[in-house]
Amino acid sequence: MGRVGGIGEGTLALIVIWSIVAFIAVLARGTAKPKLIATVATAIAALVTLILLLIPRSEEGSQPIRLDPDRVDVNVIPRWTAFTFLTLATVLAAVLGIAVEWTTPVRAIKDPARW
């Protein structure tokens with residue numbers, strides 16, 4: 001089994017599945033039955049999670065991974081967490097900045113001579 005970004009493929013699959021469920025739940029807010037859509041998406045994700053957790057691992061994959069401590073990057077998950085947080089914060093700040101800029105009311109000037 002390979003590793004992606006320092007985590008296993010199954011963990012990455014679960015992260016992607018549950019992220020998609022969260023995205024679907026947010027998008028479902030604009031529909032006629034948001035609770036039903038969110039519940040069905042969550043139930044499907046829970047079923048897939050159970051299936052992935054209950055699949056037996058092969059004998060060759062159950063051996064502990066032996067890594068050279070000098071070659072292991074122990075900061076990969078904290079770095080990716082910080083990168084993800086900073087990226088999301090930057091995108092959110094840009095979206096909110098644009099929203100505030102576009103929705104700022106333009107007030108009429110009472111004195112036409114000031115134009």
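In this chain, numbering begins with 1 at the start of the sequence shown. Because the structure is a prediction, the values reported are computed rather than measured. Just so you know, these numbers use all the heavy atoms, side chains as well, and skip hydrogens, waters and symmetry mates.
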Quick one: closest heavy-atom pair of [X] and [Y], and the distance?
| X | Y | answer |
| --- | --- | --- |
| Ala25 | Ala38 | CB-CB, 4.1 Å |
| Trp18 | Thr49 | NE1-OG1, 3.0 Å |
| Ala41 | Ile24 | CB-CG2, 4.0 Å |

Results of ring pair (Phe, Tyr, Trp, His ring centres under 6.0 Å) for Phe85 - residues two or more places apart only: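 Per chain and number, Phe85 pairs via ring pair (Phe, Tyr, Trp, His ring centres under 6.0 Å) with no residue.
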Joint cluster assignment, Leu47 & Ile37, ILVMFWY side-chain distance < 4.5 Å: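 No, it is not one cluster - the side chains of Leu47 and Ile37 are not joined through contacts under 4.5 Å.
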Same apolar cluster: Val40 and Ile20, side chain cutoff 4.5 Å: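 Result: no, two separate clusters.
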Separation between CG of Leu86 and OG1 of Thr81, rounded to the nearest 0.5 Å: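 Rounded to the nearest 0.5 Å, the CG-OG1 separation comes to 10.5 Å.
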Ile17 side, atom CD1; Leu52 side, atom CG - distance, nearest 0.5 Å: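 The CD1 atom of Ile17 sits 5.5 Å away from the CG atom of Leu52.
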Side-chain hydrophobic cluster, 4.5 Å single linkage: members besides Val95: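 Result for Val95 is Val91.
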Partners passing side-chain contact (heavy atoms from CB on, under 4.5 Å) against Leu27 (at least two apart in sequence or in another chain):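 side-chain contact (heavy atoms from CB on, under 4.5 Å) check on Leu27 returns Phe23.
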